[in-house]
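Report on one structure; see the data block that follows.
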Amino acid sequence: MRVLVVEDEPTLCRQLRTTLEGAGYAVDLATDGEDGHFLGSSENYDAVVLDLGLPEVDGLTVLDRWRKEGREMPVLVLTARDSWSDKVAGLDAGADDYLTKPFQTEELIARLRALIRRASGNASSELTAGDVRLDTRSGKVTLAGEPVKLTAQEYKLLSYLMHHKGKVVSRTEMIEHIYDQDFDRDSNTIEVFVTRIRKKLGQDVITTIRGLGYALNDPEERNNS
């Protein structure tokens with residue numbers, strides 16, 4: 001999953017990037033409201049971590065602009081302000097959740113996981129497709145109850161497909177959501193990782209939709225298609 005962090009405090013910005021990348025997210029950074037608004041308007045993110053006290057343009061204005069532009073990605077607001085009116089203002093501007101500084105990074109990651117799950121229509125932290133199970137909390141994948149070891153990139157790709165089970169996902173969409181903005185988008189790594197996942201989980205776990213992309217479905221849905 002790809003996350004945008006808009007935070008002007010350098011130390012916290014670096015800490016958030018390190019923590020989120022360690023949890024398996026692709027992370028882009030912006031250190032002021034103008035850059036944050038541009039990235040959130042022009043790139044596709046699964047979630048945004050947005051500080052309210054930003055230079056150039058404040059976080060509430062950035063969020064309000066995104067929503068008026070029709071950008072629907074989940075937004076977790078960070079604020080050093082501790083008054084109820086600031087929290088209400090953030091939620092009214094279109095925030096999906098908020099955290100008051102200082103906070104525990106474990107809580108931030110848990111809240112992001114929940115926001116991303118809900119945005120893709122998944123209530124449970126455990127995603128399933130037939131005998132394949134992926135626990136978003138632990139990062140563990142099992143096949144018929146047996147643990148399967150995936151590389152970090154294989155896990156990211158499988159996780160994105162399982163969050164969007166039943167939908168056709170294009171190669172471009174996967175690249176946009178599992179890599180940061182510096183990734184070479186002409187790379188054929190998606191095809192390589194799909195092949196590796198099929199070897200580990202079964203050839204029919206991911207279906208190739210010729211000319212469109214890939215889909216992950218439950219076995220019954222594959223049999224009826």
Side-chain angles (χ1 to χ4, degrees), residues 1-5 13-29 39 43-49 73-74 105-106 108-110 112-117 119-120 122 124-144 146-218:
M1 298 296 169
R2 189 176 175 201
V3 175
L4 171 64
V5 174
C13 204
R14 288 193 298 270
Q15 290 174 343
L16 287 173
R17 180 171 209 162
T18 299
T19 299
L20 291 171
E21 287 180 343
Y25 295 98
V27 182
D28 292 337
L29 299 179
L39 284 173
E43 299 286 340
N44 292 315
Y45 293 101
D46 296 288
V48 177
V49 178
M73 65 281 193
T105 53
E106 291 84 356
L108 180 140
I109 291 173
L112 277 180
R113 282 198 304 260
L115 288 177
I116 292 171
R117 285 199 313 268
S120 59
N122 295 285
S124 173
S125 61
E126 187 175 77
L127 309 179
T128 63
D131 291 334
V132 178
R133 293 180 181 272
L134 184 150
D135 190 328
T136 60
R137 294 168 300 181
S138 65
K140 293 180 179 178
V141 175
T142 60
L143 175 64
E146 295 298 319
V148 177
K149 187 173 182 179
L150 300 179
T151 66
Q153 298 301 334
E154 291 165 1
Y155 177 86
K156 288 179 182 180
L157 191 150
L158 178 66
S159 176
Y160 190 79
L161 287 173
M162 291 193 75
H163 273 86
H164 298 85
K165 185 174 70 173
K167 300 177 182 177
V168 178
V169 180
S170 70
R171 175 181 172 278
T172 299
E173 179 180 344
M174 279 193 279
I175 289 175
E176 287 177 343
H177 284 269
I178 67 177
Y179 296 110
D180 61 34
Q181 64 186 133
D182 296 325
F183 181 75
D184 176 10
R185 298 190 178 186
D186 291 328
S187 170
N188 67 345
T189 54
I190 295 298
E191 289 81 358
V192 172
F193 291 135
V194 167
T195 299
R196 292 180 183 175
I197 291 170
R198 284 171 171 160
K199 287 180 179 178
K200 294 179 180 181
L201 298 177
Q203 290 298 315
D204 61 346
V205 66
I206 299 173
T207 303
T208 299
I209 312 299
R210 191 174 299 277
L212 297 176
Y214 301 96
L216 188 149
N217 298 293
D218 282 317

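In this text the structure is predicted, and so the values were computed from the model without any measurement. We count residues from 1, following the sequence as given.
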Between atom [atom1] of [X] and atom [atom2] of [Y], what is the distance when rounded to the nearest 0.5 Å?
| X | Y | atom1 | atom2 | result |
| --- | --- | --- | --- | --- |
| L134 | K140 | CG | NZ | 12.0 Å |
| T189 | M174 | OG1 | CE | 10.0 Å |
| Y25 | L20 | OH | CG | 7.5 Å |
| L112 | T105 | CG | OG1 | 11.0 Å |
| R133 | E146 | CZ | CD | 13.5 Å |
| I206 | L158 | CD1 | CG | 6.5 Å |

Of all heavy-atom pairs between [X] and [Y], which one has the smallest distance, and what is that distance?
| X | Y | result |
| --- | --- | --- |
| L161 | Y214 | CD2-O, 4.4 Å |
| A26 | Y179 | CB-C, 3.5 Å |
| N217 | K165 | CA-CG, 4.2 Å |
| V27 | R17 | O-NH2, 3.5 Å |
| P147 | T142 | CA-CG2, 4.0 Å |
| L39 | L29 | CD1-O, 3.8 Å |

Should we say atom NZ of K200 is surrounded by more than 12 heavy atoms from elsewhere, each under 6.0 Å from it?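 Above 12, so yes.
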Hey, which of H177, E176, E43 is the one that makes side chain to side chain donor-acceptor pair (under 3.5 Å) with R2?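 Result: among H177, E176, E43, E43 is the only option passing the side chain to side chain donor-acceptor pair (under 3.5 Å) with R2.
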Can you see whether R198 engages T208 through a side-chain donor-acceptor pair at a distance of less than 3.5 angstrom?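 Side chains of R198 and T208: pair found under 3.5 Å.
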Are side-chain N/O atoms of D28 and Y45 paired as donor and acceptor at under 3.5 Å?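 Checked: D28/Y45 side chains pair up, N/O donor to acceptor below 3.5 Å.
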With sequence neighbours left out, write down each residue that passes side chain to side chain donor-acceptor pair (under 3.5 Å) with S125, or none if nothing qualifies.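 Side chain to side chain donor-acceptor pair (under 3.5 Å) check on S125 returns R137.
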Any side-chain heavy-atom pair from I109 and E106 closer than 4.5 angstrom?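 A side-chain contact under 4.5 Å is absent here.
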Any heavy-atom pair between the side chains of H163 and L127 that's under 4.5 Å?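 With C-beta onward as the side chain, the pair touches.
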